[in-house]
Amino acid sequence: MIDTPAHPATTEQALKTEKFLGMRITPITRRRIENFKRNRRGFVSFWIFLVFFIVTLFAEVIANDKPLLVSFNGEFYTPAFVAYPETAFGGEFQTEADYRDEFVAELINEKGWMLWPPIRFSFDTVNYALSVPAPAPPSADNWLGTDDQGRDVVARLIYGFRISVLFGFVLTIISAMVGVSVGAFQGFYGGLIDLLGQRFIEIWAGMPVLYLLIILASIITPNFWWLLGLLLLFSWMGFVGVVRAEFLRARNLDFVRAARALGVSDLVLIYKHVLPNAMVATITFMPFTLAGSITTLTGLDFLGFGLPAGSPSLGELLNQGKANLNAPWLGISGFCIIALMLSLLVFIGEAVRDAFDPRKVYR
């Protein structure tokens with residue numbers, strides 16, 4: 001396939017990007033970047049998702065029940081990151097200061113000031129000043145209301161978005177590493193290794209994942225790493241098929257035979273010569289795997305077998321919406337965030353698929 005010449009403005013922009021990054025971008029990489037940009041829906045979705053993700057990474061700065069900065073007696077304190085006793089501000093107790101308490105606030109404001117985040121609630125902060133029983137409807141203090149325990153919904157959405165995306169990223173990356181390695185060895189060596197590997201995958205894929213989660217949840221208290229490890233036992237199999245097929249096709253090509261004739265080791269052949277060709281299908285598949293990982297975590301939290309109780313979870317918020325039909329803001333808020341997140345990931349995946357499609361040429 002012969003690429004058509006790029007527009008001069010596009011070429012100039014690409015050269016500026018190369019100069020900014022301090023590296024040389026190959027023509028095929030430049031073509032993939034331009035194909036990705038041509039998919040306007042995916043390109044815009046990528047930037048929207050990136051903004052949301054970066055904002056939620058600083059959730060403690062946006063939603064917190066402690067001030068970001070306190071000035072008292074000419075000295076500065078950062079309660080959002082460091083715990084200070086109440087006696088540091090002229091109080092009576094050695095325990096950590098409750099900055100939402102009127103007594104502590106008066107002590108600080110007499111000799112200084114407090115800088116609060118935009119949302120004065122963390123994901124586990126209970127609003128005891130509600131004028132109505134929880135779950136409370138949206139108000140000036142709680143923009144999207146509270147859940148059935150009096151916790152702010154906006155704060156839980158921000159923290160829940162972050163933990164869901166981070167969980168999906170970690171699970172997808174580790175699954176890709178394991179799945180690509182297994183598929184590479186199966187496809188490169190073939191024969192008995194490939195036969196036994198495929199039979200093992202068929203048996204392993206038939207294991208009831210949900211039942212295993214229910215059994216383990218009754219034995220141990222599941223947390224982030226337990227769920228990650230358990231789901232990793234099964235999620236890597238989705239990458240094996242595409243990588244195995246690429247290695248079965250490429251292992252008998254001329255450049256592989258020539259490298260083997262020159263005495264190149266099998267590991268170098270696998271990871272340096274054949275794997276870059278298989279990574280195209282793997283990278284195309286990863287955004288959809290990320291969306292599936294987030295959906296799995298949300299479903300487990302909804303059923304009560306996911307993160308520990310009290311964790312900022314989107315699935316737990318949906319479960320509260322189901323249990324409190326008189327508080328529609330719970331279900332609607334959780335549904336909108338999950339739908340937006342998964343839609344953005346699917347659109348990004350479509351743009352990545354177009355970027356790595358060799359039949360697409362930008363003009």
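Note that this is a predicted model, so its numbers are computed, not measured.
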K.L.:
Has Asn73 got a side-chain atom pairing as donor or acceptor with Glu75's backbone, closer than 3.5 angstrom?
P.N.:
no

K.L.:
Decide yes or no for Pro287 and Leu345: does some side-chain heavy atom of the first lie under 4.5 Å from some side-chain heavy atom of the second?
P.N.:
no

K.L.:
Quick one: do Glu60 and Lys66 make a salt bridge, cutoff under 4.0 Å?
P.N.:
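Looking at Lys66 together with Glu60, the answer is no, because their closest N to O distance does not fall below 4.0 Å.
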
K.L.:
Under 4.5 Å between any side-chain heavy atoms of Gln320 and Arg151, yes or no?
P.N.:
yes

K.L.:
Just to verify, what does Thr298 make a side chain to side chain donor-acceptor pair (under 3.5 Å) with, not counting sequence neighbours?
P.N.:
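Side chain to side chain donor-acceptor pair (under 3.5 Å) list for Thr298, sorted by chain: empty.
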
K.L.:
Should the pair Phe43 and Trp47 be assigned to parallel (<30°), tilted (30 to 60°) or perpendicular (>60°) ring geometry?
P.N.:
perpendicular

K.L.:
Could you tell me if Arg100 sits above the aromatic ring of Phe121, with its cationic atom closer than 6.0 Å to the ring centre and no more than 45 degrees from the axis?
P.N.:
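Arg100 over Phe121 ring: yes.
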
K.L.:
Measure from the side-chain N and O atoms of Thr78 to the backbone N and O of Phe81, and report whether any donor-acceptor pair falls under 3.5 Å.
P.N.:
no

K.L.:
So which residues get pulled into Phe123's cluster when ILVMFWY side chains under 4.5 Å apart are joined, directly or through others?
P.N.:
Tyr159

K.L.:
Give a yes or no on whether the backbone of Ser311 and the side-chain of Arg156 come within a donor-acceptor separation of less than 3.5 Å.
P.N.:
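At least one qualifying donor-acceptor pair exists.
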
K.L.:
So Tyr189 and Asp194, do their side chains get closer than 4.5 Å, heavy atoms only?
P.N.:
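No; the side chains remain at least 4.5 Å from each other.
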
K.L.:
Could you go through Leu171 and Leu227, starting from their C-alpha distance and side-chain angles, then the distance that decides it, and tell me whether this counts as side-chain contact (heavy atoms from CB on, under 4.5 Å)?
P.N.:
CA-CA 10 Å; Leu171 181 60; Leu227 288 176; over 6 Å; no

K.L.:
Just by distance, with hydrogens left out, do Gln186 and Gln198 show a side-chain donor and acceptor under 3.5 Å apart?
P.N.:
yes

K.L.:
Answer yes when Arg199 and Glu202 have at least one side-chain N-carboxylate O distance shorter than 4.0 Å, and no when they do not.
P.N.:
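Here Arg199 pairs with Glu202 in a salt bridge, since their nearest N and O are under 4.0 Å apart.
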
K.L.:
Any side-chain heavy atom of Val55 sitting closer than 4.5 Å to one from Phe58?
P.N.:
no

K.L.:
Taking the six-membered ring where the residue is Trp, are the ring centres of Phe46 and Phe347 under 6.0 Å apart?
P.N.:
no

K.L.:
State, without any angle test, whether Asp152 and Asn127 hold a side-chain donor-acceptor pair at a distance under 3.5 Å.
P.N.:
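There is no such pair (donor and acceptor under 3.5 Å, judged by atom type) between the side chains of Asp152 and Asn127.
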
K.L.:
Is any side-chain heavy atom of Phe52 closer than 4.5 Å to a side-chain heavy atom of Leu340?
P.N.:
yes

K.L.:
Using side-chain heavy atoms (C-beta onward) and a distance below 4.5 Å, is Phe167 in contact with Leu307?
P.N.:
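In short, these two side chains do not touch, never coming nearer than 4.5 Å.
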
K.L.:
Just do the side-chain contact (heavy atoms from CB on, under 4.5 Å) check on Asp354 and Phe36 with the steps written out, would you?
P.N.:
CA-CA 6 Å; Asp354 293 344; Phe36 181 81; over 6 Å; no

K.L.:
Any side-chain heavy atom of Leu231 sitting closer than 4.5 Å to one from Ser293?
P.N.:
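No, side chains not in contact.
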
K.L.:
Taking only residues two or more places apart in sequence or in another chain, which ones pass side chain to side chain donor-acceptor pair (under 3.5 Å) with Glu350?
P.N.:
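With sequence neighbours excluded, Glu350 shows a side chain to side chain donor-acceptor pair (under 3.5 Å) to Arg41, given in chain and number order.
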
